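Below: the structure, in structure tokens.
Here the structure is a predicted model, which is why all the values come from computation and not from measurement.
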Amino acid sequence: LDVKVYPAIPTTIVPRAICHGDSIEWYGNVYDASGFYSDTLKSIHGCDSIVTLHLTVFDEIQTTNVYDTICYGESYKWIDSVEYAATGSYPYVLANEITGCDSLVILHLHVLPEILPIIDRATINEGEVYIWPVNNLPYDAAGIYEEKFANKYGCDTIKQLHLTVIPAPTIQVDRDT
């Protein structure tokens with residue numbers, strides 16, 4: 001009888017990691033949950049060897065919501081380098097550099113409505129001066145004057161003064177009568 005004794009083959013542990021929702025095929029089986037999965041293989045000498053998969057499944061996609069508001073006429077530069085100027089939700093998928101799994105960042109953008117100018121109208125007689133209460137400055141010439149202010153949201157609000165000047169009456173003296 002010729003007996004050959006081969007050294008014991010140690011159990012081999014193979015670590016693998018996948019993202020939530022993914023699966024891995026391992027010696028004919030498909031796995032999608034964290035755990036240890038063993039398979040018995042025959043060595044070249046006919047002896048059994050055990051190979052164990054140590055599978056780690058990373059958590060579900062992380063979702064981060066970002067809420068912001070801008071003024072009408074402005075744009076918002078998002079992490080994707082795109083500038084958005086309309087109310088809406090803008091998703092962006094980020095790859096985690098450590099796990100390789102995706103995460104989701106959603107911009108919820110609100111654009112405030114356009115603010116139309118607030119118009120003050122005034123009429124004076126030629127030679128008079130109008131003091132505009134908005135800025136307490138004197139005006140004596142017909143025209144449209146503007147002042148910009150920031151509203152409670154930091155957006156520009158425009159006030160306009162539409163000033164009309166009534167010319168002084170001209171009196172003609174006829175010397176021939």
Side-chain angles (χ1 to χ4, degrees), residues 1-120 134-135 144-161:
L1 181 67
D2 185 21
V3 176
K4 290 188 179 179
V5 178
Y6 296 103
I9 300 173
T11 298
T12 304
I13 297 178
V14 179
R16 292 286 186 265
I18 59 174
C19 299
H20 179 82
D22 289 342
S23 61
I24 187 170
E25 184 176 343
W26 180 259
Y27 291 103
N29 295 308
V30 177
Y31 301 102
D32 63 0
S34 293
F36 290 90
Y37 303 97
S38 296
D39 202 357
T40 304
L41 307 174
K42 295 280 185 204
S43 74
I44 58 172
H45 303 293
C47 302
D48 288 345
S49 64
I50 298 174
V51 178
T52 300
L53 169 66
H54 177 204
L55 181 61
T56 302
V57 178
F58 293 113
D59 292 334
E60 282 187 69
I61 290 178
Q62 297 295 319
T63 300
T64 303
N65 291 293
V66 176
Y67 297 87
D68 213 339
T69 300
I70 60 173
C71 301
Y72 177 86
E74 293 180 348
S75 62
Y76 188 100
K77 191 169 189 176
W78 187 224
I79 55 178
D80 57 4
S81 297
V82 174
E83 292 194 22
Y84 297 99
T87 294
S89 295
Y90 303 98
Y92 185 73
V93 177
L94 293 170
N96 183 312
E97 293 178 16
I98 297 169
T99 66
C101 300
D102 294 339
S103 61
L104 181 64
V105 182
I106 304 172
L107 169 63
H108 301 278
L109 185 63
H110 177 68
V111 179
L112 295 169
E114 180 179 11
I115 300 171
L116 299 175
I118 298 168
I119 299 173
D120 292 336
V134 169
N135 59 12
I144 298 175
Y145 303 93
E146 280 189 355
E147 287 288 332
K148 285 186 183 180
F149 299 93
N151 67 12
K152 66 182 180 179
Y153 302 108
C155 303
D156 285 343
T157 300
I158 298 172
K159 286 201 164 194
Q160 289 183 343
L161 169 61

Over all heavy atoms of both residues, which pair between [X] and [Y] is shortest? Give the atoms and the distance, please.
| X | Y | result |
| --- | --- | --- |
| E74 | A85 | O-CB, 3.6 Å |
| S38 | I50 | CB-CG2, 4.1 Å |
| V111 | Y72 | CG1-CA, 3.9 Å |

Rounded to the nearest 0.5 Å, how far apart are [atom1] of [X] and [atom2] of [Y]?
| X | Y | atom1 | atom2 | answer |
| --- | --- | --- | --- | --- |
| Y92 | D102 | OH | CG | 10.5 Å |
| T69 | Y76 | OG1 | OH | 10.0 Å |
| I70 | L112 | CD1 | CG | 8.5 Å |
| Y67 | L107 | OH | CG | 10.5 Å |

Among all residues two or more places apart in sequence or in another chain, which pass the ring-ring contact (aromatic ring centres under 6.0 Å, His included) test with Y90? Y84

With sequence neighbours left out, what residues match H110 under ring-ring contact (aromatic ring centres under 6.0 Å, His included)?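 Partners of H110 by the ring-ring contact (aromatic ring centres under 6.0 Å, His included) criterion come out as none, since no residue qualifies.
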
Distance-only polar pair, side chains of Q62 and S103, donor-acceptor under 3.5 Å: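 No, S103 and Q62 have no side-chain donor paired with an acceptor closer than 3.5 Å.
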
Can a side-chain donor-acceptor contact be found between T56 and S34 if the only test is distance below 3.5 angstrom? no

Would you find a donor on one side and an acceptor on the other, under 3.5 Å apart, between the side chain of T52 and the backbone of F36?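 Absent.
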
With sequence neighbours left out, which residue pairs that include part of residues 48-94 fulfil the disulfide bond (SG atoms under 2.5 Å apart) condition?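 Residue pairs with at least one partner in residues 48-94: C71-C155.
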
Can you tell if the side chain of [X] reaches within under 4.5 Å of the side chain of [Y], non-hydrogen atoms only?
| X | Y | value |
| --- | --- | --- |
| F149 | D156 | no |
| L94 | L104 | no |
| V134 | Y145 | no |

Partner of V105 under side chain to side chain contact (heavy atoms under 4.5 Å, CB included), chosen from T63, N65, I79: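 In the set T63, N65, I79, the residue that makes a side chain to side chain contact (heavy atoms under 4.5 Å, CB included) with V105 is I79.
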
Which residues satisfy the side-chain contact (heavy atoms from CB on, under 4.5 Å) test with I118, sequence neighbours excluded?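 By the side-chain contact (heavy atoms from CB on, under 4.5 Å) rule, I118 matches T157, K159.
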
Partners of Q160 by side-chain contact (heavy atoms from CB on, under 4.5 Å), sequence neighbours excluded?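 Residues passing side-chain contact (heavy atoms from CB on, under 4.5 Å) with Q160: P117, I119, I144, E146, I158, H162.
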
Result block: side-chain N/O donor-acceptor pairs under 3.5 angstrom for residues 14-31, not counting sequence neighbours:
| residue | atom | partner | partner atom | Å |
| --- | --- | --- | --- | --- |
| N29 | ND2 | Y31 | OH | 3.3 |

